[in-house]
Amino acid sequence: MMDALIVDTGLHWAAVIVYVVAAVGTVYGLIFDRPAAERIGRGLAVAGLGVHAVALLYRWVAQGHGPYMVRYEVLSSNAWVLMAGFLLFARAFPKIRPASIIVFPTTFLLVALGLFQDPAVRKLPPSLRSIWLVLHVSFYKIAFTTMLIALALALLYLMRRFSSLAWLDRLPDGDTLDLYCYRFAGFSFTFWAVGMLAGSIWAYQSWGSYWGWDPVETWSLVTWLLFGAHLHLRRFFGWRGTKAAATYIGCFVVAMIAVYFTPLVEQSLHTQYFR
Amino acid sequence: MSKFLLSRRVILAVILLIAAASMIAYLVPQLSDASPAAVQRWRASYQFLLPVVDALDLDQVFSAPWFAALVAVFFLSLARSTVQQLVAARHRTFGGAAGAGARSFSSGASPDEVDRVMRHLGYLRIFEADGVARYAKHPWGHWGRALLHAGMLISVGFALVVLVTEQRGSTQLTVGETLAPPATWMGEVSGVFARRLELPFTVRVDSVTPTFWDTDDMRQLTAALTFTAPDGIARTETVAINRPVRARGVRVFEDQSFGAAFFVELVGESGGVSKLHMQLPSPVRRGQAGYGDFDFPRVAYRIRAKYFPDDAGKTMLDRDPRLVLRLVDGTGLPAGQAELKVGGESRLGPYRARLAATSRWVGLVFARTFGMEGVFFGFGVILLGASLAYLAPPRTFEVSRADEFTVLSWTPTRFEDAYEDEYGRAIEALGGVARPTGRRQSKLEEDG
């Protein structure tokens with residue numbers, strides 16, 4: 001088992017290194033207008049994704065279940081979905097590519113943070129053996145991905161608006177950044193909702209109760225409601241630009257409390273296994 | 001009333017108030033969930049908040065009248081909005097001409113040629129009247145948002161039905177123990193319009209079988225249960241974690257609690273015998289103990305107990321259990337201690353203790369709910385609505401004649417730049433010339 005952990009963590013460190021180089025290349029390319037460096041950065045990100053995928057698959061096979069039990073693997077799989085999702089979305093919507101300036105560093109930071117957690121394997125308890133759990137965590141990972149992309153676009157908008165750095169002029173215009181932030185906020189709202197629904201179905205199947213006002217559940221609902229309010233402000237009150245970006249950042253902070261902070265400090269079903 | 005329910009400010013305020021209420025329920029210990037000790041500690045620490053907490057029932061948010069009123073307004077507003085969106089979706093799909101689109105071009109092509117090109121591009125002709133024809137791609141996408149809201153409405157509605165009608169009871173049963181109506185529950189929940197849960201059968205635990213991984217994590221916990229109906233017909237079912245069973249309309253779940261049950265005889269100085277039944281939770285790792293505190297009516301002391309499933313510490317299974325008992329008086333001082341194995345005896349303070357037998361126990365939850373199928377149906381409608389909204393955004397071409405030319409106005413409802421090439425292909429196929437339109441939607445506007 002120790003040998004397997006060494007291989008597992010070794011592969012993860014390799015992925016971190018590739019992601020770091022990818023991030024440096026991309027950020028350098030964006031700031032200093034070097035398209036070649038940007039392309040190399042994206043190519044390295046794909047390579048990093050491949051190494052990272054091998055690491056996750058290796059651990060999956062070794063422990064017999066997916067990467068959603070201990071904090072080490074949760075952070076790692078979140079990072080993988082984040083990078084894979086961003087690269088796919090950037091291919092479909094090229095104008096969001098500058099968000100890599102935030103997405104790429106976040107990816108390697110998540111993996112690196114995970115590597116400082118206990119990587120010991122935990123067997124899957126019977127309550128977590130359900131397809132609905134798989135769907136529940138998968139949709140939350142996708143929601144986190146789209147949420148972070150929207151955050152990146154909101155931050156870029158604010159930087160463009162309030163900073164006079166020359167390289168910011170090469171970004172898409174403010175209207176475009178704002179529009180894509182809106183779209184990805186809508187994606188994340190939907191995926192977050194589906195994640196909650198799948199979790200409710202899993203809870204009912206396991207314990208006969210679809211909602212228990214568990215602290216993580218409560219924060220998740222609060223997050224979803226705040227995102228709903230944000231989208232209503234956008235849609236029906238015409239909020240855009242700075243106001244929309246600022247409120248979105250507030251919603252994102254609440255989401256991170258729900259996903260990362262609450263499981264650390266609270267006793268609940270979610271924290272029983274995910275501490 | 002309709003105006004109030006459809007008011008954007010009202011729905012926004014309701015959403016934010018429900019979010020705030022949920023936060024309050026997180027910050028203030030709720031009487032329904034928190035232990036009395038935790039509630040007392042909080043109240044002692046935040047006495048300056050107590051007038052507000054007591055006046056607004058902030059320690060029982062989800063059963064407070066004002067929260068019920070909020071949910072009612074939310075539900076009615078959602079219902080009214082859903083109806084409005086369904087009407088709008090129907091109009092957008094089948095209704096009259098919508099006017100100038102985001103972009104338009106004119107072409108010398110004949111109506112038949114236009115029809116052929118539209119079909120080739122995947123557009124369906126869905127409307128024609130007064131010289132205007134509407135072609136739409138993914139016209140069903142107009143229903144996405146409406147279905148999303150309808151799904152929420154269905155889910156919330158049935159969730160309320162579940163809430164007010166559910167009957168639930170939980171208990172811990174030892175192997176060989178029978179639970180017969182009227183059951184005494186360790187924990188129970190009854191909806192506002194429901195009576196306490198009465199079982200329509202008796203249930204006996206025949207066996208409890210835990211299995212573990214070599215890491216001591218639980219692999220599975222199964223229990224064989226015999227259900228006996230009032231007519232005497234018995235049926236045995238096996239329940240496991242994540243594998244509930246159903247008996248006469250009641251679902252039986254296994255929660256994750258289980259452990260060892262100990263039958264201890266205490267003989268007092270006067271010769272009186274107290275037969276004690278103690279259920280202790282299984283430890284989390286081999287070599288560790290499971291703990292429990294007990295107060296029995298005829299025993300003058302509190303009994304603090306711990307047990308090791310295997311005295312040698314080599315397995316999680318209760319192969320050679322060792323029970324350790326400590327008597328504690330009212331001031332918390334120990335009054336005696338004994339270590340017992342099955343059949344063994346020992347002095348325990350003023351008593352002689354004998355461990356007569358051991359067994360296993362398991363935690364079970366019995367639930368009768370109405371409306372869950374409706375909640376899940378609502379989930380399905382939400383998924384369908386979300387899929388249509390994001391995966392099938394409608395695009396329409398409105399085709400009309402102006403003099404000897406055909407004018408085509410193109411309107412995408414969402415993600416305009418993702419479908420620009422469709423517009424370009426239409427112009428190319430019909431030899432069109434772009435026209436300045438009377439109205440160009442800003443990138444931040446969305447149809448309807």
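The structure presented is a predicted model; accordingly, all values stated were derived computationally and were not measured.
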Heavy-atom cut-off 4.5 Å, strictly under: side chain, backbone, both or neither for T369(B) against chain A? side chain
Select one option (side chain, backbone, both, neither) describing which atoms of Q30(B) are under 4.5 Å from chain A's heavy atoms. neither
Considering all heavy atoms, the nearest P126(A)-Q220(B) contact: CB-OE1, 3.4 Å
Heavy-atom pair of closest approach, residues N242(B) and R129(A): ND2-O, 3.2 Å
Starting from the C-alpha separation in whole Å, work towards a yes-or-no answer on ring pair (Phe, Tyr, Trp, His ring centres under 6.0 Å) for Y210(A) and F376(B). CA-CA 10 Å; Y210(A) 64 90; F376(B) 295 141; 7.7 Å; no
With side chain to side chain contact (heavy atoms under 4.5 Å, CB included) as the criterion, how do M196(A) and F379(B) come out once you've worked through the C-alpha distance, each side chain's angles and the decisive distance to 0.1 Å? CA-CA 10 Å; M196(A) 280 202 300; F379(B) 288 176; over 6 Å; no
Within the structure provided, determine whether R9(B) and F237(A) are in side-chain contact (heavy-atom separation under 4.5 Å). yes
Any donor-acceptor pair under 3.5 Å linking the side chain of D217(B) with the backbone of R122(A)? no
Shortest non-hydrogen separation from L124(A) to W213(B) and the atoms involved: O-NE1, 3.7 Å
Measure distances from V162(B) to the heavy atoms of chain A and classify the residue's part below 4.5 Å as side chain, backbone, both or neither. side chain
Side chain / backbone / both / neither for F366(B) at chain A, heavy atoms under 4.5 Å: neither
Could you tell me the separation between the CD atom of Q205(A) and the CZ atom of F253(B), rounded to the nearest 0.5 Å? 9.0 Å
Would you mind reporting whether M23(B) and W219(A) have side-chain heavy atoms less than 4.5 Å apart? yes
Only pairs of heavy atoms separated by less than 4.5 Å count here; which of S170(B), A21(B), G378(B), A159(B) has the most with chain A? A159(B)
Report the distance from atom CG of L233(A) to atom CG of L12(B), rounding to the nearest 0.5 Å. 4.5 Å
The interface call for L148(B) against chain A, heavy-atom contacts under 4.5 Å, is neither
Measure across Q256(B) and S127(A) and return the closest heavy-atom pair with its distance rounded to 0.1 Å. OE1-OG, 3.3 Å
If you look at every heavy atom in A19(B) and L226(A), which pair is closest and at what distance? CB-CD2, 4.5 Å
Proximity breakdown for L16(B) and chain A, heavy-atom pairs closer than 4.5 Å: side chain
How about W213(A) and S22(B): do any of their side-chain heavy atoms sit closer than 4.5 Å? yes
Quick one: CG on D255(B) to OG on S206(A), what's the gap to the nearest 0.5 Å? 11.5 Å
Tell me whether the count of non-hydrogen atoms from other residues, nucleotides or ligands lying under 6.0 Å of CZ in F377(B) goes above 12. no
Which distance, rounded to the nearest 0.5 Å, do you find between the CG of L221(A) and the OH of Y26(B)? 14.5 Å
Chain A contacts, top residue of R8(B), M218(B), R219(B), R243(B) (heavy-atom pairs, under 4.5 Å): R8(B)
Please classify the contact of T223(A) with chain B as side chain, backbone, both or neither, using a heavy-atom distance under 4.5 Å. neither
Which region of L197(A), side chain (C-beta onward) or backbone (N, CA, C, O), has a non-hydrogen atom less than 4.5 Å from a non-hydrogen atom of chain B, or is it both or neither? both
If I measure from the heavy atoms of chain B, does W224(A) come under 4.5 Å with its side chain, its backbone, both, or neither? side chain
